[in-house]
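What you see below is based on every heavy atom in this structure, not just the backbone, and it leaves out hydrogens, waters and symmetry mates. Worth saying up front: this structure is predicted, and the values here are computed from it rather than measured. Start at 1 and go down the list; that is how both ligands and their atoms are numbered. Nothing fancy with the numbering, it's 1 onward along the sequence.
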Amino acid sequence: MQPTTTGTEPFVLAHADAAFANDPYPIYRRLRDTAPLSRQPDDSVFLSRYDDVRAVITDAERFSSDKHVDFLPKFGQSPLYEHHTNSLVFNDPPAHTRVRRLLQPFFSVQAMRRMEAGVAANVDDLLDRAAERGVIDVMSEFAVIIPLNLVCDLLGVPPPEREPLRHWASMILGGLEPVRTPEQLAAGNQAVLDFKAYLRDLMADKRRRSIPSDAPDVLDTLIREHDGGVGLAEDEILHSAIFMLNAGHDTTTSFITNGIDLLLRFPDQRARLAADPSVLRSAVEEMLRYESPLQIGNRKAKVDCDIGGERFPAGTFFHLGIGAADHDERQFPDPEAFDIARNPNRHIAFGHGIHFCAGNAVARMEASLAFGKLLARFPNFERAGPTVRPPRWRFRIIDELKVELKA
Ligand code: HEM
């Protein structure tokens, strides 16, 4: 059964097809209007209205993020299971509170400001190289490199060693898609093993060289805290480092690539932004709303609960349609209009509540520099190929988008 735009048959997330990956919004609209609490064959429920998604994502008392039980049939006792169940985002308090408190300082506004100059230099350098080429794939030659370098700088991964990390992150996240092939699972498991082995070597190397007391990177700090008897356990450091790359990499890549795609699809808005860079801040928010990089989150009810006027028993698994919620006409007037000055714009692309994206300021900074500098230098950039999307639904990914750079 395929989910269709106009059909009356039930929407089944596990049967979603390439058409859904290309443009899920007509189906989201049908769901919001006709089946906002869409029952799935396994008794889980897909939520598509803003109020319902936001109510669940915000309420950590009644809705759990802990995946120790749900991921076991999905991953078995495997490296992917070990990694995801050790990730901050898939844990509840008190485990979540402890790890979030230890990681939070790395994402403060001051820390973000320290990263800014490095990101700006990286963007300038990428645009210099792009100018020489004339036509580039903005995914692989621009968007993907900015967050990869940022997270690698944070972790202290030397530049020549960065390339495999990008592949590992994609393989590990691919394992979280609602539908996965055995090959995807095998690649995800291998990626966790390879990534952990690499980080163990990196940490050993850092310990050998003794950790600098001025300007330590995140890994330096976590090692020092651990060796001092406070902080995260050794395995928690490995999984937090992997999670940081996973959380900050594909999402931000997708944010930047989708933003460029939107500027190509809506030339009037692009011209408006190029003419008035002061709207950049709200333009970035509108891009996050319009193509939310994480489209589908999830939670499990800890107790019996009422959602959207219906009663659900404890244990109900909810798919949170963040992408659907961010197009809900009940919250956003004329939601299919891409309006870079939209105000108010209370999108939930970064979630809400205790799991609210720790890296939101960092992602906003990276994207602002990417769009601001691209437009300042090449205001007339043009599409040089189609927007190619993979058949993935949880993340709003673009695999390829060729652009001709024109001043
Ligand atoms: C546009 C880019 C990004 C988007 C759309 C995004 C989205 C999200 C969302 C929706 C959540 C909450 C998930 C939930 O409630 O279940 C989250 C959590 C998180 N994100 Fe991001 N993220 C982005 C970039 C980043 C970056 C750049 C970093 C770090 C370098 C980062 C680090 C984190 C962390 C550590 C969490 C876990 C927070 C917690 O569980 O307490 N994210 N992100």
Relative to ligand 1, is Ile354 under 4.0 angstrom through side chain, backbone, both or neither, heavy atoms considered? backbone
Number the atoms of ligand 1 from 1 as they appear, then name those within less than 4.0 Å of a heavy atom of Ala363, with their elements. 1 (C), 2 (C), 24 (C)
Which ligand 1 atoms does Phe107 reach within 4.0 Å, using its non-hydrogen atoms? 29 (C), 30 (C)
Check each atom of ligand 1 against the heavy atoms of Leu294 and keep those under 4.0 Å away; list them by number with element. 10 (C)
Hey, is Phe350 touching ligand 1 through its side chain, its backbone, both or neither, going by heavy atoms under 4.0 Å? both
Distance from atom 33 (C) of ligand 1 to nearest protein heavy atom, with residue and atom: Ala247 CB, 3.7 Å
Distance (rounded to the nearest 0.5 Å) between Ile322 CD1 and Arg54 CZ: 12.0 Å
Of all the atoms in ligand 1, which lie at a distance below 4.0 Å from a heavy atom belonging to Pro293? 1 (C), 5 (C)
Taking the side chain from Gln40 and the backbone from Val45, do they hold a donor-acceptor pair closer than 3.5 Å? no
Ligand 1 to Arg100, heavy atom cutoff 4.0 Å, flagged ligand atoms 38 (C), 39 (C), 41 (O)
Between His352, His96, Arg299, flag the one that comes closest to atom 15 (O) of ligand 1 by a heavy atom. Arg299
Heavy atom to atom 8 (C) of ligand 1, shortest distance: which of Cys357, Ala367, Gly359, Ser254 holds it? Cys357
Is the NZ or CZ atom of Arg270 both under 6.0 Å from the centre of the six-membered ring of Phe381 and within 45° of that ring's axis? yes
Please work out which of Ala361, Ala349, Gly351 has its closest non-hydrogen atom nearest to atom 7 (C) of ligand 1. Ala349
Provide, to 0.1 Å, the distance between atom 13 (C) of ligand 1 and the closest protein heavy atom, together with that atom's residue and name. Val89 CG2, 3.6 Å
Roughly how far, to the nearest 0.5 Å, is the CD atom of Glu286 from the CG atom of Leu273? 12.0 Å
Among non-hydrogen protein atoms, atom 35 (C) of ligand 1 lies closest to Phe243 CE2, 3.4 Å
Candidate list Tyr25, Phe332, Tyr290, test ring-ring contact (aromatic ring centres under 6.0 Å, His included), partner Phe338, passing option: Tyr290
So, does Asp52 use its side chain to make a donor-acceptor pair with the main chain of Ile307 at under 3.5 Å? no
Which residue holds the protein heavy atom closest to atom 26 (C) of ligand 1, what is that atom called, and what is the gap in Å? Gly248 CA, 3.3 Å
Side chain, backbone, both or neither: His355 near ligand 1, heavy atoms under 4.0 Å: both
Can you list the atoms of ligand 1 that are under 4.0 Å from a heavy atom of Phe255? 1 (C)
Among Thr85, Val192, Leu176, find the one that has a side-chain contact (heavy atoms from CB on, under 4.5 Å) with Leu80. Val192
Any chance the side chains of Glu285 and His347 put a donor and an acceptor closer than 3.5 Å? yes
Nearest-option assignment for atom 23 (C) of ligand 1, heavy atoms, candidates Thr251, Asn360, Ile256: Thr251
When you measure from the centre of the six-membered ring of Phe317, is the NZ or CZ of Arg299 under 6.0 Å away and within 45° of the axis? no
Can you tell me which residue among Ile260, Thr253, Asp137, Thr257 is in a side-chain contact (heavy atoms from CB on, under 4.5 Å) with Phe142? Ile260
Donor-acceptor under 3.5 Å (Arg394 side chain, Leu173 main chain): no
